Amino acid sequence: MTQSSETKPKETLGFQAEVRELLKLMINSLYSHREIFLRELISNASDANDKLRFEALSKPELLTGDTELAVWIEADKDQGTLRIRDNGIGMSREEAISHLGTIARSGTAEFFKKLSGDQQKDSQLIGQFGVGFYSAFIVADRVEVLTRRAGLEASEGVRWESSADGQFTVETSPLEQRGTTIVLHLKDEAKEFLDTWHLRSLVRRYSDHIAFPVRMPKDGAATLEYEAVNRGTALWARRKGEIKDEEYVEFYRHLTHDSGEPLSWAHNRVEGKRDYTSLVYIPAAAPFDLWQRDGARGLKLYVRRVFIMEDAEQFLPLYLRFVKGVLDSADLPLNVSRELLQADSEVEAMRGALTRRVLDLLEKLAKDEPAKYQTFWREFGAVLKEGLAEDHANRDKLLPLLRFASTSQPGEEESTSLADYAGRMQTGQDKIYYVVGESLAAARSHPAIEALKARNVEVLLLGRRIDAWVADHLREFEGKKFKDATRGDLELGSLASAADKDKAEAQLKESKPLLKRIKDSLGERVSEVRVSTRLKDSAAVLVAGEHDIPAPLRRALEAAGQSAPPATPVLELNVDHHLIKYLEKCENPEEFADLALVVYEQATLAEGAQLPDPGAFVQRLNRLWLRLE
């Protein structure tokens, strides 16, 4: 038999090390942006009410005797205390110790990593990492939490207290009412938050959109009567025409705990065969867990205004995991679960419609506010690219949204759209050329695009880690096919003049003996040695066969622990290069073998691959230099 909370003595426990560090920051570094504490504590109270309403769907007895959920704020000037109370889910003793004494380590580490030393910027991080409760210590030198979990007896209430001195106490404290009350014993310099007018203005500024009434005592009332300070209605349920932009922004901040502004949003009501309302936002900055593909994501799901699920990932594809928002359905059952969502045909139809709506929102942003879209691309472009592989149905909507670095644009900014590229194509050009490198700098200097650059043919530069995968799904855009400059024949078409073709044929005829000697020397390292039409300045380049997996994708597959079909590259030579001419004249078999292998290894390095034996390469290079002296 386990010991009940009634018999457990008062305990004094130490905060997790990360919490102690966080409390120091709150107390010493963020005091000039103190009002954020009220926003966070009201938001937490609203979440507690939402959680109770959800649990009550299967256990309606949890609401017995107190069905009207709300948040209360009371200021006591005589005691110097401020109370924020809710009648939501509450906490048990174990939950109070766990939730208020520790923080998820991954979130804490990322929080401290993001800190800049700028008070305003750092204060905006509060809440994004699950640390909103601790903002209470910005204004209070002592905090009490009185809480009882819904469904527990009054005798199982809990009192938690801390003065931010590295430890906290927790003890049994009988409570007649479920929910949580946070009592802030305000510092002398924070007594402004006892002013009811000031508190009301802060509630209206930060929490007007909260779906529960935030109540405060009526001014001048002889008895303790309360009135709602905020509207207390779900913002997404109101008509678009009556909602100000400022209200949309504040709701976004409440929803995401991001104090910045979103880049854009879309608010839609669908009626007819399906009845639902959606409000989706495009954030301006990537969250810390963007690349954790199995992390929490998705829309906040309501059914007929009743909160159901925090992160309903079934309504948007994984490549749109950066989208934040709310979905309120009139058709789904109130007891819907994640398992039911996965198998529901209505959900699939809503998913398709919401996906298109987000892509339409991005298209509008790109067209009307290109500077904002460029901000979006810098933050989320690499994630959006995943859609080319994952969402074939929307590929035509995704392609115009892509942005690339290119040889016509200096630097590493990915700002070229496919429409931009198509508008700059050379006369007679019928391909969209691109090259994949280990980085954008490596892509820009890749030997395979030298001849294209010499002809002023623009080349798209793909240098992000994901681009090796993305490139394999580039097919065509507006009738123009994509062409990997490192695979198969370069396919210059009418870009190559008759004189170019005659020269290539003559070079091939003259170089056949050299090509054979090099192939015999390199053996199975290459499948073929041929004269290149790609090169201008470099001596050699390795290319993949037309139907082979390109080298960058092969390396990405191997790094992910996957095997790739076997393939041997083709070595192309610039027979006008002085190194190749020297090789052609070389009669010493040992020197010829060394030099042929060095040419091959240089081409290997240029494409971003690693040499199997770098030490042997250096030794060969040194032997050749000694011979040249």
Side-chain angles (χ1 to χ4, degrees), residues 435-439 441-454 463 485-490 503-545 548 550-552 554-555 558 566-629:
V435 63
V436 180
E438 295 297 307
S439 65
R444 188 179 294 277
S445 62
H446 201 293
I449 63 173
E450 290 175 354
L452 291 170
K453 290 193 292 185
T486 67
R487 189 194 293 192
D489 184 74
L490 196 53
K503 180 182 178 181
E505 289 180 8
Q507 287 179 329
L508 176 59
K509 185 176 181 181
E510 294 173 4
S511 303
K512 278 185 177 181
L514 173 63
L515 302 180
K516 184 178 185 307
R517 286 178 68 195
I518 295 176
K519 175 65 177 78
D520 291 343
S521 180
L522 295 177
E524 295 183 356
R525 292 184 181 88
V526 295
S527 62
E528 181 185 356
V529 180
R530 65 191 183 199
V531 176
S532 180
T533 58
R534 290 175 164 84
L535 298 171
K536 180 72 174 176
D537 302 312
S538 299
V541 65
L542 290 175
V543 299
D548 291 338
R554 179 179 297 279
R555 290 193 292 273
E558 291 171 351
T568 307
V570 174
L571 177 65
E572 291 191 353
L573 302 178
N574 177 1
V575 294
D576 287 334
H577 194 278
H578 65 277
L579 184 60
I580 304 303
K581 290 184 177 296
Y582 179 89
L583 184 61
E584 186 176 18
K585 297 175 182 178
C586 182
E587 297 180 357
N588 183 320
E590 183 180 343
E591 182 181 355
F592 183 90
D594 272 351
L595 189 52
L597 191 49
V598 165
V599 168
Y600 164 78
E601 288 171 326
Q602 285 180 335
T604 301
L605 290 171
E607 69 155 20
Q610 292 184 340
L611 298 178
D613 189 350
F617 168 71
V618 172
Q619 291 174 8
R620 271 188 293 277
L621 207 55
N622 289 338
R623 284 199 300 270
L624 289 170
W625 282 341
L626 289 172
R627 291 191 186 107
L628 292 173
E629 288 182 352

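Each residue takes its place number in the sequence, starting with 1. As the structure is a prediction and not an experimental result, all values here were calculated from the model.
- Using a 4.5 Å cut-off on side-chain heavy atoms (C-beta onward), S538 and E450 make contact.
- Side-chain contact between R525 and L597 is present, with at least one heavy-atom pair separated by less than 4.5 Å.
- Here CG of L515 is found 11.5 Å from CD of E510. Values are rounded to the nearest 0.5 Å.
- Atom CG of L452 sits about 8.5 Å away from atom CZ of R534, to the nearest 0.5 Å.
- Inspection of the D576 and Q507 side chains reveals an N or O donor paired with an N or O acceptor under 3.5 Å.
- Proximity of a side-chain donor or acceptor of E607 to a complementary backbone N or O of V541 within less than 3.5 Å is not detected.
- Looking at K519, its side chain does come within 3.5 Å of a backbone N or O of G523 through a donor-acceptor pair.
- Not a single donor-acceptor pair under 3.5 Å links the side chain of D594 to the backbone N or O of R620.
- A salt bridge is absent between E584 and R517: the closest approach of a Lys/Arg side-chain nitrogen to an acidic carboxylate oxygen does not fall below 4.0 angstrom.
- With S527 contributing its side chain and T568 its backbone, the two residues share a donor-acceptor pair below 3.5 Å.
- Closest approach of R530 and V570 over heavy atoms only: NE-CG1, 3.6 Å.
- Distance alone, capped at 3.5 Å, is enough to place a donor-acceptor pair between the S439 side chain and the A442 backbone.
- A donor-acceptor pair under 3.5 Å is absent between the side-chain atoms of K509 and the main chain of A504, judged by distance alone.
- At least one side-chain heavy atom of L579 sits less than 4.5 Å from a side-chain heavy atom of Q602.
- Surrounding NZ of K536 are at most 12 heavy atoms belonging to other residues, nucleotides or ligands under 6.0 Å away.
- A salt bridge is absent between R623 and E591: the closest approach of a Lys/Arg side-chain nitrogen to an acidic carboxylate oxygen does not fall below 4.0 angstrom.
- Considering only heavy atoms from C-beta on, E572 stays 4.5 Å or farther from E528 through its side chain.
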